[in-house]
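Comments concern the structure below.
Below, chain A is the first sequence line, B the second, and so on; all start at residue 1.
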Protein chains: 2
Amino acid sequence: MTTTEANEVSSTNGQGFLKNIAIDAVVFGFHDNQLKVLLIEYKRTGLFALPGGFIRESEDLNVAAMRVVSERTGLEDIYLDQFYVFGDYGRFDPTPLKTIMTANGNKPPEEHWLLKRFISVGYYALVDFTKVSPSPAPIFDSCEWYDLNKMPVLIQDHTQIVHKALDALRTNLDRKLIGFNLLPEEFTLGELQRLYETILDKKLLRPAFQRKMLSLGILERIAKKWTGGAHKAPYLYRFKVQAL
Amino acid sequence: MTTTEANEVSSTNGQGFLKNIAIDAVVFGFHDNQLKVLLIEYKRTGLFALPGGFIRESEDLNVAAMRVVSERTGLEDIYLDQFYVFGDYGRFDPTPLKTIMTANGNKPPEEHWLLKRFISVGYYALVDFTKVSPSPAPIFDSCEWYDLNKMPVLIQDHTQIVHKALDALRTNLDRKLIGFNLLPEEFTLGELQRLYETILDKKLLRPAFQRKMLSLGILERIAKKWTGGAHKAPYLYRFKVQAL
DNA sequence: TTATTATTGTAACATAATGATACAATAATA
DNA sequence: TATTATTGTATCATTATGTTACAATAATAA
């Protein structure tokens, strides 16, 4: 979010944005054999939340989601999936947003648009951890990676949203072959297997995993080989874009 | 929708409902070995559309979807799945709604809330065709079943919504074991197979299909047998509710 | 009453997919 | 040059799925 947008969003009437609809993004990364999630912390409140945003009056929903994630990661062409719409009345809780706005010196009127009920479209994003530059907007304190297993308490129902995103990622992993989006362009089969094992939270058998992955015909073996370990060098692979 | 609700919705300001968000429901039924979809036709316009509705200010999104489908089918406890959110700006087209309102003697002002942009949460419903009593609301001309392959032209992007719902149904059929919701309580394996074949639009081998279904352990064989055909009577089965 | 007909339930085998073990190959280090 | 850790893949076992075959049988017709 640019400074202009932050001001737009902070204005009293929310003009220029659709009412009652928000986007929450669960941005997944993979590093040190662990799944990471991008979280923001609001200034002077100790409140943590998912990156989110609103939809401009003439903007496609999916474009708005891409914009939200681009703004926090500095990336473009991000893999994004809608996974669920969170629309329970019970999730409506203006308290944290009041706290956040008050902490920033804007005591909001009760009828401020940000304190109204929102239905939130949940997206998960899969990004190359090494390419991301997490960047907070002016009203945020920070925007950082957190271990999926060591997340702080999040506002509203954001913790549930993360877990539901993980469920969706797990069920889509084999069906849609999207895991590659979490890795650098070139990777070894070992790295790919450790990614799968981390996401699915279970050990996989190496020969079966390799046989399966290679038989899918979506991997391209690269001439170069891995260097670094005191052992046989694995081949590097690249995801065939034209395969899907 | 009751008469009161229809009036509520027709009022100029849309008070009591969330802005910019709607629900569209693809209600699937199965009859004569064909998939059916419930469509409504608006009075004096020849315009066809999916059943839809809006979310009350204090209503859960999923509850609202259930209400919308209940109102058209007369059923309760309906199997419902969110499958996609349709949020492209391009889908916003006030023309059909203007036509509908004008045909009913309410020439709407340009800023009427129903003529504003809506993002629509798509749900599909699976119902027992034999239990449904399609019932139009006062402002509708009809509410009827149509063959999936013989649908009239629908307003806005509703045709695409139906096709995307069918895609979602196909991918979920095996994963979530939801086909039973389209059949009466008691059914034969032959009927179940014809349902699968219709949804997936391909022939299945009978021995493999039966072996697979029975091995899932979700079917309960009933003592009674089918009567009617000049051939060996098939067993009747019932879906084990406790199985999921 | 008995043969015919259509369809069912399931056995039997063939093929394919997956699970599991084993081992030679080899890049860096000692 | 030997050691070490890890890779690539062959091999076999097990399970799942595809395919053919056939006896069983409820209604109808002879």
Sugar-phosphate only, base, or nothing, as touched by B:P234 at under 4.0 Å among non-hydrogen atoms: sugar-phosphate
Pair A:Y237 and A:F187, ring centroids less than 6.0 Å apart: no
B:F86 CZ to A:D60 CG distance, which is reported to the nearest 0.5 Å: 13.5 Å
Separation of atom NE2 in B:H231 from atom C1' in D:dA23, rounded to whole Å: 17 Å
A:Q210 side-chain proximity, nearest of C:dA27, D:dT9, D:dA26: D:dT9
Side chain of B:K212 (C-beta onward), nearest among D:dT25, D:dT17, C:dA22: D:dT17
For atom CD1 of A:I222 and atom P of D:dG8, their distance in whole Å: 13 Å
Sugar-phosphate only, base, or nothing, as touched by A:A233 at under 4.0 Å among non-hydrogen atoms: sugar-phosphate
Of the listed nucleotides C:dT10, C:dT26, C:dT8, the one nearest the side chain of B:K232: C:dT8
Interatomic distance, A:E191 CD vs D:dG8 P [rounded to whole Å]: 11 Å
Close aromatic pair by centroid cut-off 6.0 Å: B:F118 and B:F54: yes
Proximity to the side chain of A:L205 - top-ranked nucleotide from C:dT10, D:dT7, C:dA20: C:dA20
Side-chain donor-acceptor contact under 3.5 Å, A:D147 with A:Q34: yes
Side-chain donor/acceptor of A:R206 to base of C:dG19, under 3.5 Å: no
Value in whole Å for how far the P atom of C:dT8 lies from CG of B:L236: 12 Å
Dot-bracket encoding of pairs in DNA chain C, which uses [ ] for pseudoknotted crossings and | for another strand, Watson-Crick or G-U under 3.5 angstrom: ||||||||||||||||||||||||||||||
Interatomic spacing from CZ in B:R67 to CD1 in B:I78 - rounded to 0.5 Å: 12.5 Å
Spacing of CZ belonging to B:F28 relative to CG belonging to B:L38, to within rounding of 0.5 Å: 11.5 Å
Nucleotide D:dT9, atom C1' - distance to CG of A:L214 in whole Å: 10 Å
Of the listed nucleotides C:dA20, C:dG9, C:dA6, the one nearest the side chain of A:P207: C:dA20
Length of the line joining B:M213:CE and C:dT10:C1', which is rounded to integer Å: 17 Å
Value in whole Å for how far the P atom of D:dT7 lies from CG of A:L192: 12 Å
Give the table of side-chain donor-acceptor pairs shorter than 3.5 Å for residues 160-168 of chain B, with sequence neighbours excluded, one pair per line with atom names and distance.
| from | atom 1 | to | atom 2 | distance (Å) |
| --- | --- | --- | --- | --- |
| B:H163 | ND1 | B:T159 | O | 3.2 |

Separation of atom CZ in B:R211 from atom P in C:dT8, rounded to whole Å: 17 Å
